[in-house]
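Worksheet: one structure, shown below.
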Amino acid sequence: MGSLSNYLSQSGAITWMVLLVLSIYFIVTFWIFIYRYRILKVRLSVESKSLNRLYMGRSDFVAKDSLLYAYLQRIGTFRSEILKAAINDAVRSATRGLTPLSIMASTSPFVGLFGTVVGILEAFGRLGTQKSASLSVVAPAISEALVATAAGIFVAIFAYAFHLILKRKAYELQSLLESQAEIVLTRPNTESE
């Protein structure tokens, strides 16, 4: 902990700003992931139960809590175009948050790299004022500057992994909705369970 406080006390304003931005990225990444994952988990459970009821023949219609139910109730006849639009709308809603995760995953290493470059410039600026610049003087300054890159990569790992997990969950949701739509289209038009 002493080396971190030492690093922060010797860092310039740009490095502080870079670490602040990366900290915000990190917090937002986790917030988006937890929030969207919980929503997708519930939706997947509901749609999976609805699909199982259709498969088992216990119902000729999607469950009332299915995302497709409201669309199917509004239209009198079931058409594949309407169901595709309903599925697209549901998937679009389910994938909210993926763009910010993607942006943070791709930009955080560059933000960290920017902090490193500024840190190295500051280190060389300090070294220029000293009379001798041996490896024992240069190495700690460079290693301190590399902390920003490490922080950027650390944030990017989580953002990218969370992006892929949520993308996979959205794909599973789309697959469940498409399966339900196919079953409903093959059955007679019944609007009640």
Side-chain angles (χ1 to χ4, degrees), residues 1-52 63 65-71 85-123 140-180:
M1 189 67 174
S3 64
L4 180 62
S5 61
N6 187 27
Y7 167 74
L8 291 174
S9 67
Q10 293 178 0
S11 298
I14 300 286
T15 304
W16 274 86
M17 286 179 41
V18 164
L19 292 177
L20 176 67
V21 167
L22 291 173
S23 297
I24 291 169
Y25 271 23
F26 190 72
I27 292 166
V28 170
T29 295
F30 270 87
W31 183 83
I32 290 172
F33 176 73
I34 291 168
Y35 179 71
R36 298 310 302 172
Y37 186 83
R38 290 176 68 203
I39 289 172
L40 282 168
K41 186 176 176 184
V42 169
R43 291 296 351 141
L44 284 169
S45 174
V46 166
E47 300 304 334
S48 180
K49 288 177 186 173
S50 179
L51 181 61
N52 284 337
D65 52 357
S66 171
L67 293 170
L68 296 178
Y69 184 81
Y71 289 96
I87 291 167
N88 288 340
D89 188 46
V91 170
R92 181 190 51 77
S93 175
T95 57
R96 283 189 190 124
L98 286 181
T99 301
L101 282 178
S102 179
I103 290 169
M104 288 184 278
S106 62
T107 60
S108 60
F110 294 114
V111 172
L113 185 61
F114 175 73
T116 296
V117 169
V118 170
I120 288 172
L121 289 173
E122 289 174 351
I142 301 298
S143 68
E144 287 174 9
L146 290 172
V147 168
T149 296
I153 292 170
F154 182 76
V155 172
I157 289 169
F158 283 100
Y160 187 67
F162 292 165
H163 175 267
L164 291 179
I165 291 168
L166 292 177
K167 190 174 177 182
R168 175 62 189 179
K169 293 292 180 190
Y171 170 76
E172 290 173 19
L173 179 65
Q174 180 179 359
S175 178
L176 289 170
L177 291 171
E178 287 174 352
S179 296
Q180 289 181 83

Residue pair A170 / T95: nearest heavy atoms and the distance that separates them: CB-CG2, 3.4 Å
Closest approach of I32 to G97 (non-hydrogen atoms, all atoms of both residues): CG2-O, 3.6 Å
Nearest-0.5 Å distance, OH of residue Y69 to CD of residue Q180: 13.5 Å
L67 and L177, any side-chain heavy atoms less than 4.5 Å apart: yes
N52: partners by side-chain hydrogen bond (donor to acceptor under 3.5 Å, both in side chains), with sequence neighbours left out: none
Sidechain-backbone polar pair: T116 side chain, T149 backbone, donor-acceptor under 3.5 Å: yes
Gap separating the NZ atom of K169 from the CG atom of L44, nearest 0.5 angstrom: 6.0 Å
Straight-line distance of I103 CD1 to H163 NE2, nearest 0.5 Å: 9.5 Å
Rounded distance [0.5 Å steps], CZ in R36 versus CZ in R96: 6.5 Å
Smallest separation among heavy atoms of V18 and G112, with atom names: CG1-CA, 4.3 Å
Residues forming a salt bridge (Lys or Arg N to Asp or Glu O under 4.0 Å) with R168, sequence neighbours excluded: E172
side-chain hydrogen bond (donor to acceptor under 3.5 Å, both in side chains) partners for T29, two or more places apart: none
Residue of the set V21, L22, V28 for which side chain to side chain contact (heavy atoms under 4.5 Å, CB included) holds with M104: V28
All side-chain hydrogen bond (donor to acceptor under 3.5 Å, both in side chains) counterparts of R43, not counting sequence neighbours: E47
For the student: nearest non-hydrogen atoms of L173 and A94, plus distance: CD2-CB, 3.6 Å
All pairs passing side-chain hydrogen bond (donor to acceptor under 3.5 Å, both in side chains) where residues 101-114 contributes a residue, at least two apart: Y25-T107
R38 and I34, any side-chain heavy atoms less than 4.5 Å apart: yes
Spacing of NZ belonging to K49 relative to CG belonging to L51, to within rounding of 0.5 Å: 13.5 Å
Spacing of CZ belonging to R92 relative to CD1 belonging to I87, to within rounding of 0.5 Å: 14.0 Å
Whether over 12 other heavy atoms sit under 6.0 Å from Y160 OH: no
S179 side chain vs S175 backbone, donor-acceptor pair below 3.5 Å: yes
Partners meeting ring-ring contact (aromatic ring centres under 6.0 Å, His included) with F162 (sequence neighbours left out): F30, F33, F158
Smallest separation among heavy atoms of A156 and A105, with atom names: CB-O, 3.4 Å
A63 to S50 - nearest heavy-atom pair and separation: N-OG, 3.0 Å
